[in-house]
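What follows is a single structure, written as structure tokens, with notes after it.
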Amino acid sequence: MRVGQVLSHRAFQPTLVGALFLFAMFVMPSVLDATWIFNFTQMAIYAIVAASVGMLYGRVGLVSLGQVAPYGIGAWVTIRLAYLTDVPYPGVFPLLLIAGGLVAAIFGLLIGLPALRVSGLYLALVTLLLAVGIEIALNRIKLPTGGPGFRGVAFAIGDREPMPRPFVADGDVAFFRYAVIVAFVMFMIAVAFLASKPGRAWASVSQSEPSALASGINITRYKLLAFGLAAFMAGVAGGLYGAHVQSNSSIAQFDRQAALFLIAVVLMGGITSLWGAVLAAFFATIMLPFLTQNVIGHNFWNDFALTIFGIGLMINLIQTTKAMEKKGLLE
Amino acid sequence: MIEITDLSVQFGGVRSLDQVTLTFPGGTCGLIGPNGAGKTTLFNVMSGFVTPVSGRVVIDDIDLLDMPDYARARWGVRRTFQTVQAIESLTVYENVLTVHEHAAKGSRSDTQDAVDDVLAFVGLTDVRDKVVRTLSQRDRRFIEVARAIVGAPRIVLFDEPAAGLPEEETEHLAEIIRSVPERTGATAILVDHDMSLVQACCEWTAVLDFGRLVAAGPTADVLHDERVLAAYVGDEEA
């Protein structure tokens with residue numbers, strides 16, 4: 001996997017990516033207030049999760065409704081480790097993110113196992129059920145909030161401690177930049193895979209499994225790799241989420257409604273390009289708060305914003321179906 | 001030489017291949033028969049997509065049926081499909097590279113040389129870096145062929161490769177198929193309904209009908225065999 005090969009690949013548009021990165025790093029912090037810095041930090045984190053879903057569905061053809069599960073597992077592991085370790089020590093926080101990502105990746109492989117037997121709607125149902133399982137588990141054990149014991153839950157609100165952030169990014173603006181950098185790195189990892197041997201294998205599996213087999217591709221291995229990588233990305237995002245909200249983490253981020261909302265916005269954003277993940281994160285974390293908080297008649301938006309998202313999703317699916325019929329991909 | 005012994009495939013109540021015993025002698029061989037004769041089923045058995053109820057497919061003392069499906073391409077079983085399966089989202093180069101990096105071994109430079117060499121051989125150098133979804137059906141057909149013959153295949157199965165091609169392109173395709181054994185050392189098996197293509201490419205041909213072997217031998221003899229004519233145009237007594 002060579003750097004030149006990645007940078008020259010059509011999935012990576014250096015000018016646009018560079019401009020967006022510099023805009024996020026230097027322009028946004030100087031023009032946005034604290035509330036919107038908070039929302040855009042959440043957008044950077046959500047974009048990683050959305051990219052993991054989009055990669056699985058758009059590049060490998062695997063419909064997973066369970067990506068909130070590794071997101072939640074990564075959050076729990078990283079938060080737990082952050083309270084246990086001396087995070088401000090340089091270099092520790094990235095290791096915690098990687099640890100959260102790796103544990104999530106192991107669970108991702110477990111989620112991926114049914115994918116070897118089922119596909120399409122059945123896979124969607126199986127992965128949704130696994131997400132529900134993780135939701136139930138997180139409901140029972142809660143996210144750590146600086147309390148004692150293995151679970152680390154502080155039951156009295158006054159006993160809660162904010163989750164430590166990396167020493168270079170303790171403030172909200174610095175942490176926003178940190179989240180943007182991590183999101184950038186995660187996207188680059190995704191592009192690196194897509195631009196190399198696994199990406200080509202995934203494209204082959206996605207288009208036709210018989211053809212992939214006839215090319216000597218070990219379909220089992222590459223499907224599991226896709227689930228593992230996607231779960232790793234979601235797990236890293238989970239760790240960032242913990243440090244983002246500190247002691248205010250909520251498992252509502254990882255429940256079944258969040259799972260369905262995630263796939264809805266990812267489909268609306270588009271699954272054929274990683275840019276779709278950025279758009280999906282924008283819909284979910286910027287547009288929705290903007291409609292419900294800033295637009296006149298916010299009660300209306302509060303009530304109907306999700307309905308409008310649903311309509312948008314239906315239009316998107318109808319258009320996609322028509323496009324697929326036109327290409328002869330559907331009968 | 002490919003020795004097929006007592007091969008039977010059952011789909012529910014339908015027997016697609018019925019105790020077929022047949023030896024492909026090498027070179028470029030034809031496999032013909034009316035629709036539903038079992039030609040593609042035989043290819044699917046060799047590729048690992050279909051598990052037979054009985055039989056053996058032996059090449060160089062190795063029974064193909066003992067190998068995992070994905071390992072067969074790595075061992076050297078390659079094929080094209082009736083419906084073109086070139087990967088839409090990848091470039092022509094990447095399409096062929098995908099097969100070479102999974103089904104053949106070699107260093108990075110060897111791989112690049114092998115892919116470029118086969119693209120030049122089939123006449124796709126001009127569109128090397130184009131994404132497949134932007135290309136014509138003709139180009140896609142030749143991408144399929146390039147994917148099947150890159151590296152060092154031992155058997156190349158061509159499943160109706162000329163479908164949808166104009167006559168002048170079919171002649172170009174015939175030249176490629178004819179030269180596969182000499183170029184790669186592989187045995188090529190061609191399934192097609194275009195008898196002129198089969199005649200142009202194959203010295204030896206087998207005929208299937210309703211899953212049974214009807215005739216096998218030199219192509220010129222087989223095409224004039226009464227049993228073969230009956231299989232295609234129907235038996236007068238029937």
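First the proteins, then the strands, lettered A, B, ... as listed; each starts at 1.
Of the possible polar contacts, one joining the A/Thr127 side chain to the A/Leu65 backbone as a donor-acceptor pair under 3.5 Å is found. Not a single donor-acceptor pair under 3.5 Å links the side chain of B/Arg141 to the backbone N or O of B/Ala162. Between the side chain of B/Arg74 and the backbone N or O of A/Gly216, at least one donor-acceptor pair lies under 3.5 Å. With B/Asp60 contributing its side chain and B/Ile62 its backbone, the two residues share no donor-acceptor pair below 3.5 Å.
Using a 4.5 Å cut-off between heavy atoms, B/Arg72 does not touch chain A at all. Using a 4.5 Å cut-off between heavy atoms, B/Ala86 contacts chain A through its backbone alone, with no side-chain atom that close.
No more than 12 heavy atoms of other residues, nucleotides or ligands sit less than 6.0 Å from atom CZ of B/Phe210.
Classified by interplanar angle (parallel below 30°, tilted 30° to 60°, perpendicular above 60°), the ring pair B/His102/A/Tyr222 is perpendicular.
Contacts between residues 25-53 of chain B and chain A, defined by a heavy-atom separation under 4.5 Å, are made by B/Phe49.
Interface summary for chain A: among B/Leu157, B/Leu97, B/Val150, the most heavy-atom pairs under 4.5 angstrom belong to B/Leu97.
Among B/Val156, B/Val180, B/Leu173, the one residue that satisfies the side chain to side chain contact (heavy atoms under 4.5 Å, CB included) test with B/Val145 is B/Leu173.
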